[in-house]
Amino acid sequence: MPNIIQAVYRYVGWLAGSSFYSKHLKHMFHSKHIAAVLIAMCLASTGDAASRLEPPGAAEKMTIQPRGRAYLFRGFIGLLTDRGMDKLTERINRTGVTADVNSYLMWRGLADQAMSDYRRDPEPITVIGHSLGGDAAVKFAERLDAVGIPVSLLVTYDPTRFAHSVPPNVERYVNLYQSSNILGGGGDVVQGRGFHGHYASFDLKDRRGMFHTNMEKFGDIHDQLVSKIAALAATPASVGGEAIPLRIDIPANATIELWDSGLPVSAHAGDTLPTLAATYHVPLWALTQVNNLSEDAALTKGARIIVPRYLVPMAAPSAVSSHAASNTR
């Protein structure tokens, strides 16, 4: 039996017999928590074996002065399996954005601290969570919504199916999940009442070598998240045009691209999906999937086509806030 699985057994055994558990935590651990443990015991040994694509280096080339605060949350047995969250936290800190990672149980107190910090010095807020930490990240955003504080970026890695909807104070939301995960993940989080921000949900069920317990460890995803966070202060969420929610199933062999939302465009005479894919620098498979069209579909002039897009920093980052108007592509 792998050492990490032995550690899980020892930890769960200690927790179940401890007086602290009996007095304080017993009411928190339901069947979904036990399911997370069982999954971890089966898959945790695969975590470090996850394929790690070569990072594009986008984050390291940023010329924008990063600022903000990031709050990251591990899942149920995070200290044993969520090492990817620790690595992501380290990378965010290296950009100049203040980041901390904690247990999902700590979300309420950290949300209160975030409120105090924001009132003292309003800077972009990022919240990221894995598994039950994803659920906690959404609750964190909800608590800030209750007092009118915006969350610039909310990211969830395979939250549970019990996760709440995205509250309206979230400006950009990214969900990475696997719909095939029945125990311990698979949370297809939806937009809540009043949400009008940028929404992108990516189903990674077809990715070989990716599981609930190693999803947060992939370097290519870290690269993109770090770049987004580093540029938040100069990347306004309020944009011209309608922000269309994206729901994408990433093909098994496709590069994972974390678009922010969809942009509606009008086809011109002679346009086809392949020409639009080339014009907007997006994969053809993404256009066909998002628009539910075949590659050779005939497009009429003026036809409404949804194109996956990124929000990009403005030219003068020092002169804008996260709520100003922005350019997009």
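The basis for the numbers below is simple: all heavy atoms, side chains too, and nothing from hydrogens, waters or symmetry mates.
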* Step by step, work out the salt bridge (Lys or Arg N to Asp or Glu O under 4.0 Å) result for D112 and R143. => CA-CA 8 Å; D112 291 342; R143 193 161 179 83; 2.7 Å; yes
* How far apart are the C-alpha atoms of I305 and L293, what are their side-chain angles, what is the distance that settles it, and do they pass the side chain to side chain contact (heavy atoms under 4.5 Å, CB included) test? -> CA-CA 10 Å; I305 300 297; L293 295 170; 4.1 Å; yes
* Decide side chain to side chain contact (heavy atoms under 4.5 Å, CB included) for L204 and I256; before the verdict, give the C-alpha distance in whole Å, the side-chain angles of both, and the deciding distance to 0.1 Å. => CA-CA 9 Å; L204 303 172; I256 297 174; 4.0 Å; yes
* Apply salt bridge (Lys or Arg N to Asp or Glu O under 4.0 Å) to R69 and D121, showing your working. => CA-CA 10 Å; R69 303 180 186 90; D121 182 18; 3.5 Å; yes
* **Steps toward side chain to side chain contact (heavy atoms under 4.5 Å, CB included) verdict (I244, S261)** => CA-CA 6 Å; I244 304 296; S261 59; 6.0 Å; no
* Can D203 and R247 be said to form a salt bridge (Lys or Arg N to Asp or Glu O under 4.0 Å), step by step? -> CA-CA 8 Å; D203 191 348; R247 304 182 65 82; over 6 Å; no
* Would K87 and K217 count as a side chain to side chain contact (heavy atoms under 4.5 Å, CB included) if you check the C-alpha gap in whole Å, the side-chain angles of each, and the deciding distance to 0.1 Å? -> CA-CA 8 Å; K87 292 179 181 178; K217 297 176 176 64; over 6 Å; no
* May I have the step-by-step check of salt bridge (Lys or Arg N to Asp or Glu O under 4.0 Å) for R83 and D86, ending in yes or no? => CA-CA 5 Å; R83 291 183 296 275; D86 294 80; over 6 Å; no
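Distance CG/L154 to NE2/H198: 14.0 Å, rounded to 0.5 Å. The line from OG of S179 to CG of D188 is 8.0 Å long, rounded to the nearest 0.5 Å. Here the OG atom belonging to S131 is positioned 15.5 Å from the OH atom belonging to Y177, to the nearest 0.5 angstrom.
For M115, the CE atom is densely surrounded, since the number of other residues' heavy atoms within 6.0 Å is greater than 12. Counting non-hydrogen atoms of other residues, nucleotides and ligands closer than 6.0 Å to CZ of R120 gives a total above 12.
Between H130 and Y157, the ring planes lie perpendicular to each other; the angle is over 60°, past the 30° to 60° tilted range.
Closest approach of P159 to N175, counting heavy atoms only: CD-OD1, 3.3 Å. Considering every non-hydrogen atom in both T288 and E295, the closest pair reads CG2-CG, 3.7 Å.
With no hydrogens or angles considered, a side-chain donor-acceptor pair links D117 and Q113 at under 3.5 Å. Side-chain contact check for N181 and D158: at least one donor-acceptor pair (N or O, by modelled atom type) lies under 3.5 Å.
Ring to ring, F73 and Y104 are not that close: their centroids are 6.0 angstrom or more apart. Proximity of the aromatic rings of Y71 and F140 is defined here by a centroid distance below 6.0 angstrom, and this criterion is met.
In this structure, L153 and I229 have side chains that are in contact, with non-hydrogen atoms separated by less than 4.5 Å. Contact of the L232 side chain with the R172 side chain is registered, since non-hydrogen atoms from C-beta on lie closer than 4.5 Å. Contact check for L276 versus V307: no side-chain heavy atoms found under the 4.5 Å cut-off. Here the side chains of V155 and K228 are not in contact, with every heavy-atom distance at 4.5 Å or above.
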